[in-house]
Each structure stands twice: as structure tokens, then as C-alpha cells.
Amino acid sequence: QVQLVESGGGLVQAGGSLRLSCAASGRTFSSYAMGWFRQAPGKEREFAAGISTSGGSTYLADSVKGRFTISRDNAKNTVYLQMNSLKAEDTAVYYCAADRIISRVAGTWDYWGQGTQVTVSS
């Protein structure tokens with residue numbers, strides 16, 4: 001069982017930056033791949049970024065490549081999403097997820113946080 005708690009969301013102007021954090025409970029954090037998904041009003045939850053157990057491999061959605069970076073600190077049981085050059089279309093609730101393997105399909109992930117709101121004003 002893994003419990004996830006996101007933080008770091010907020011209101012930012014277009015072009016600004018935010019760093020989201022996701023703290024995980026349990027001693028097996030390093031055995032889980034981690035992901036960030038986002039869901040805008042009226043839209044399906046979509047993959048934003050994923051990272052392997054060691055952090056050696058990362059995956060980004062085309063819409064965030066060159067602007068977002070995912071990283072993890074296994075000693076702190078935490079995964080991060082650094083978001084730069086934010087755009088209005090990045091406005092969404094951002095969710096942290098954990099699973100044994102990385103997938104771009106939200107329905108395949110086992111564990112989810114409660115989400116944190118990111119609002120980008122234009």
C-alpha cells in the first residue's frame with residue numbers, strides 16, 4: 001500500500017514556474033515507478049510525466065517536453081515535477097501516481113494522490 005500526498009500547486013502567471021512535490025508513505029517507494037497526470041475541467045485525465053524506479057529513465061508528454069522535468073529522491077520518498085514556461089493550457093488538477101510499471105494510461109496505475117490545483121493566468 002502506498003499513500004501519496006501532492007503539494008506545490010497554486011496560481012501563477014503565464015511564463016512562470018512551479019514545482020510540485022509528491023510525498024509517498026511506506027518503505028517501498030523505490031520499488032515503484034512514479035507518474036504525474038493532469039486533468040482539466042471537462043477533459044480526461046492525461047499523462048504528463050513518468051519516471052522509473054531509479055530515476056534513470058524519464059518520460060514526458062509531447063505537450064510538456066522542454067518545459068517540465070520529473071525527478072525523484074528515493075531517500076526522501078518524494079517525486080517532483082518542475083514546471084517552467086507555464087501556459088494557460090497547463091491549468092489543471094495535477095495528480096501523482098505510483099505503480100510497478102510506467103504507462104501513459106491513467107487507468108493502469110494503482111495508487112493516486114488527491115491532486116493539487118495549478119492555475120496559469122494569461
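The basis for the numbers below is simple: all heavy atoms, side chains too, and nothing from hydrogens, waters or symmetry mates.
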If you take all heavy atoms of [X] and [Y], which pair is closest and at what distance?
X: V2; Y: A98; value: CG1-CB, 4.5 Å
X: L18; Y: G8; value: CD2-O, 3.8 Å
X: W109; Y: A33; value: CZ3-O, 3.7 Å
X: A14; Y: S122; value: CB-CA, 4.2 Å
X: V93; Y: G115; value: CG1-CA, 3.8 Å
X: L20; Y: G9; value: CD2-N, 3.6 Å

Within this structure, what is the [atom1]-[atom2] distance for the pair [X] and [Y], rounded to the nearest 0.5 Å?
X: W36; Y: M83; atom1: CH2; atom2: CE; value: 8.0 Å
X: M34; Y: N74; atom1: CE; atom2: CG; value: 9.5 Å
X: R72; Y: I51; atom1: CZ; atom2: CD1; value: 6.0 Å
X: S85; Y: D90; atom1: OG; atom2: CG; value: 9.5 Å
X: T69; Y: R19; atom1: OG1; atom2: CZ; value: 11.5 Å
X: Q117; Y: Q39; atom1: CD; atom2: CD; value: 11.0 Å

Any heavy-atom pair between the side chains of [Y] and [X] that's under 4.5 Å?
X: S17; Y: N84; answer: yes
X: Q114; Y: E6; answer: yes
X: K87; Y: R67; answer: yes
X: V64; Y: R38; answer: yes
X: Y111; Y: D99; answer: no
X: R45; Y: Y95; answer: yes

Inset, instruction - Determine, step by step, whether V79 and I70 satisfy the side chain to side chain contact (heavy atoms under 4.5 Å, CB included) criterion, reporting the C-alpha distance in whole Å, the side-chain angles of both residues, the deciding distance to 0.1 Å, and the verdict. - result: CA-CA 7 Å; V79 62; I70 186 171; 4.0 Å; yes
Inset, instruction - Answer yes if the side chains of S31 and R100 hold a donor-acceptor pair under 3.5 Å, and no otherwise. - result: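 There is such a pair between these side chains.
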Inset, instruction - Go through the side-chain N and O atoms of D73 and T78 and say whether any donor and acceptor fall under 3.5 Å apart. - result: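 No pair is found: no donor N or O on one side chain lies under 3.5 Å from an acceptor on the other.
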Inset, instruction - Answer with yes or no whether the hydrophobic clustering places Y80 together with L60; edges join I, L, V, M, F, W, Y residues whose side-chain heavy atoms lie under 4.5 Å apart. - result: no
Legend entry - Within one Ile-Leu-Val-Met-Phe-Trp-Tyr cluster: L81 and F29, side-chain cutoff 4.5 Å: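 Linked within one cluster.
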Inset, instruction - Please work out whether the ring planes of Y94 and F68 are parallel, tilted or perpendicular, with thresholds of 30° and 60°. - result: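 It falls in the tilted class, 30° to 60°.
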Legend entry - Side-chain ion pair, K65 and D62, N-O less than 4.0 Å: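 D62 and K65: salt-bridged.
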Inset, instruction - For atom CD of Q3, decide whether the heavy atoms of other residues, nucleotides or ligands shown that lie under 6.0 angstrom number more than 12. - result: no
Inset, instruction - Apply ring pair (Phe, Tyr, Trp, His ring centres under 6.0 Å) to F47 and F37, showing your working. - result: CA-CA 4 Å; F47 174 84; F37 286 76; 5.6 Å; yes
Inset, instruction - Starting from the C-alpha separation in whole Å, work towards a yes-or-no answer on side chain to side chain contact (heavy atoms under 4.5 Å, CB included) for I102 and Y59. - result: CA-CA 9 Å; I102 293 175; Y59 308 86; 3.4 Å; yes
